[in-house]
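Okay, so here's the structure we're looking at.
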Amino acid sequence: MGWQAERDKVVINVGGVRHETYRSTLQTLPGTRLAGLAEPGAAARFDYDPSAGEFFFDRHPAVFAYVLNYYRTGKLHCPADVCGPLFEEELAFWGIDETDVEACCWMNYRQHRDAEEALDSFESPEAPRPPEPAEPKRLCLEEGRPASWWRRWRPKLWALFEDPYSSRMARYVAFASLFFILISITTFCLETHEAFNRVINKTETVATGNGTTGTQVAVEVETEPFLTYVEGTCVVWFTFEFLMRVSFCPDKRDFVKSSLNIIDFVAILPFYLEVGLRGLSSKAAKDVLGFLRVVRFVRILRIFKLTRHFVGLRVLGHTLRASTNEFLLLVIFLALGVLIFATMIYYAERIGADPDDVTGSRHTYFKNIPIGFWWAVVTMTTLGYGDMYPMTWSGMLVGALCALAGVLTIAMPVPVIVNNFGMYYSLAMAKQKLPKKKNKHIPRPPQPGSPGYGPPGAPPNPNGSPRAPRRTSPPHACPLA
């Protein structure tokens, strides 16, 4: 009996750590790599050491403990101290589907993919590198040909205006852009101050109904001219920057789809339209000019250009985008609370009203339920303007409950939003401090014939694909080298 048990055992050495299990345990998940160890002839298909009586796999030993435990218990858990991509690669190697991960560990397993997407979003856009030639022979023949000036200078000029951290000149360009942004926003704010606006009487010639003309005095508000000159200087810089980025961007389609680039164009266009229509005297031109002066507020959108230079603003944008569900949940909670407490305060204020008051609203601010919506929003958000407040003891009780409910309602989704902000901020800081790798080392995946699949010269693997013979010389030799 003991001899039969020893015969049914399988010893697996993973990264120097020995594991023992039964063949029946490995057969619980047929079609996987470990299930092949329980089949006849496994010693010929895998890296088997007859002297030690064990199979060897050069894989992560700590992760394999969780994989083997999945065969034993039927539950796949994700280790908390292992990076997600590593666990994902190990599952793919052992032939286990990632959807088998338990629900308690699924969020921890999926977190690395969200982090990778966030890191990609913080990656500075770069011009695509030319594809490597498929044949080294052709590369050797074309080594002497110089690259065109467009291919050499386009990535550099694109990084000059897009990535402030690419070079010292890019930092100077970023500082110049930041300076003009601040000047433009300051000018926009000063234009609304009465000290920089003057009222003038403008005489206009108008046509009367009898075919004659007459004069009419119109009162207009005119901004100090020097503010217009300052804004014009800023717009010239923004136009130059926009045209350079359009000309040297690697992908015109992605450039047009970018929201920041749309904001740049929308903030620049009204200034040129206003300058072009200022000299016209037709009524239609004046109407359009008045409309353009109203939509000057789009200039304040230039503040979003700062996201190119400040990582914190980008972190805030990603946090808001990632917390959409939490914000929606907060709005739903707030809407329910507003509806409930606005109704309660309306009827609570009717308690103890004057019997002679037919409507019961003479002594209170809450004449109807829609008016109570405003009070409920202000109270639940702990703002408390004080323009409306309950007059009766029952209304005060409802007001106290409304304030407490508002604190709890807002406090529930906020920690999730704060965690998202902390995650994106740490990723952004890591991306900034991570040194740029010119030639990243990417190891080759296990090939047929390697120790991960089996010893060299072994018969076909369990999947049925033939093993590639060992290569004794490079696949392509350059005759000109």
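Within the structure, ring-ring contact (aromatic ring centres under 6.0 Å, His included) contacts touching residues 171-202 (residues at least two apart or in different chains) are Phe180-Trp237.
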> For Ser323 and Phe421, what are the C-alpha separation, side-chain angles and deciding distance, and is it a side-chain contact (heavy atoms from CB on, under 4.5 Å)?
Replying inline: CA-CA 9 Å; Ser323 306; Phe421 181 83; over 6 Å; no
>> Test side-chain contact (heavy atoms from CB on, under 4.5 Å) on Met344 and Ile340; report intermediate values, then the result.
In response: CA-CA 6 Å; Met344 291 177 63; Ile340 293 173; 3.7 Å; yes
>> Before you tell me yes or no, could you show the steps for Ile183 and Val230 under side-chain contact (heavy atoms from CB on, under 4.5 Å), namely the whole-Å CA-CA distance, both residues' side-chain angles and the distance that decides it to 0.1 Å?
In response: CA-CA 8 Å; Ile183 292 297; Val230 172; 3.5 Å; yes
>> Working note: Leu329 + Asn325, criterion side-chain contact (heavy atoms from CB on, under 4.5 Å); need CA distance, chi angles, decisive distance, verdict.
In response: CA-CA 6 Å; Leu329 187 64; Asn325 295 333; over 6 Å; no
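Side-chain atoms of Asn69 do not come within 3.5 Å of backbone N or O of Ala65 as any donor-acceptor pair. In this structure, the side chain of Thr192 engages the main chain of Cys189 through a donor-acceptor pair within 3.5 Å. Judged by distance alone, the side chain of Arg33 and the main-chain N or O of Phe93 form a donor-acceptor pair under 3.5 Å. Under the 3.5 Å distance criterion, the side-chain polar atoms of Ser177 are left unmatched by any main-chain donor or acceptor of Val173. Panel note: side chain Ser247, backbone Leu243; a donor-acceptor pair is recorded below 3.5 Å. At least one donor-acceptor pair closer than 3.5 Å links the side chain of Asn368 to the backbone N or O of Ile371. A side-chain donor-acceptor contact under 3.5 Å links Asn197 to the backbone of Glu191. Checked by atom type and distance alone, the side chain of Ser258 never pairs as donor or acceptor with a backbone atom of Phe255 at under 3.5 Å.
Atom CZ of Phe327 sits in a crowded spot, with more than 12 heavy atoms from other residues, nucleotides or ligands closer than 6.0 Å. For Tyr389, the OH atom sits in a loose shell: 12 or fewer heavy atoms of surrounding residues, nucleotides or ligands are nearer than 6.0 Å. Within 6.0 Å of NZ on Lys367 lie more than 12 heavy atoms contributed by other residues, nucleotides or ligands.
Side-chain contact between Leu34 and Leu29 is absent, with no heavy-atom pair separated by less than 4.5 Å. Looking at Leu328 and Glu326, their side chains never come closer than 4.5 Å, going by heavy atoms from C-beta outward. Counting heavy atoms from C-beta on, the side chains of Pro390 and Ile345 come closer than 4.5 Å. Two residues are said to be in side-chain contact when any heavy atoms from C-beta on lie closer than 4.5 Å; Leu190 and Glu224 fail this criterion. Residues His19 and Phe64 form a side-chain contact, since some pair of their non-hydrogen atoms from C-beta on lies under 4.5 Å apart. Side-chain contact check for Tyr365 versus Met391: some heavy-atom pair is nearer than 4.5 Å. Thr392 is not listed as a side-chain neighbour of Leu397, based on a closest heavy-atom distance of 4.5 Å or more. You'll find the side chain of Cys78 stays beyond 4.5 Å of the side chain of Tyr66, heavy atoms only.
A donor and an acceptor atom, one from each side chain of Tyr272 and Thr239, are located under 3.5 Å apart. Side-chain polar atoms of Tyr70 and Thr28 form no donor-acceptor pair below 3.5 angstrom.
When all heavy atoms of Thr25 and Thr21 are compared, the closest pair comes out as CB-OG1, 3.4 Å. Closest heavy-atom contact between Glu98 and Leu91: CA-CD1, 4.2 Å. In terms of heavy-atom proximity, Pro164 sits nearest to Ala174 at CB-CB, 3.7 Å. Across every non-hydrogen atom of Met388 and Trp374, the tightest pair is SD-CD1, 3.9 Å. Minimum heavy-atom separation, Leu26 to Tyr71: O-CE2, 3.6 Å. In plain terms, the two heavy atoms of Gly95 and Thr32 that are nearest each other are O-CG2, 3.4 Å.
In this structure, Phe248 has its ring center at least 6.0 angstrom away from the ring center of Phe161. The aromatic ring centroids of Phe341 and Trp375 lie 6.0 Å or more from each other.
Between Thr319 atom OG1 and Ile417 atom CD1 the span is 9.5 Å, to the nearest 0.5 Å. Rounding to the nearest 0.5 angstrom, the gap separating the OG1 atom in Thr187 from the CZ atom in Phe226 is 8.0 Å. A distance of 9.5 Å separates CH2 of Trp94 from CG of Leu68, quoted to the nearest 0.5 Å. Of the inter-residue distances, the one linking Trp393 atom CH2 with Glu349 atom CD reads 11.5 Å to the nearest 0.5 angstrom. The structure places OG of Ser394 at 4.0 Å from CD1 of Ile351, a figure rounded to the nearest 0.5 Å. Taken to the nearest 0.5 Å, the CE atom of Met380 stands 9.0 Å off from the CG atom of Leu336.
Residues Asp264 and Arg245 are paired through a salt bridge, judged by an N-O separation under 4.0 Å between the basic side chain and the carboxylate.
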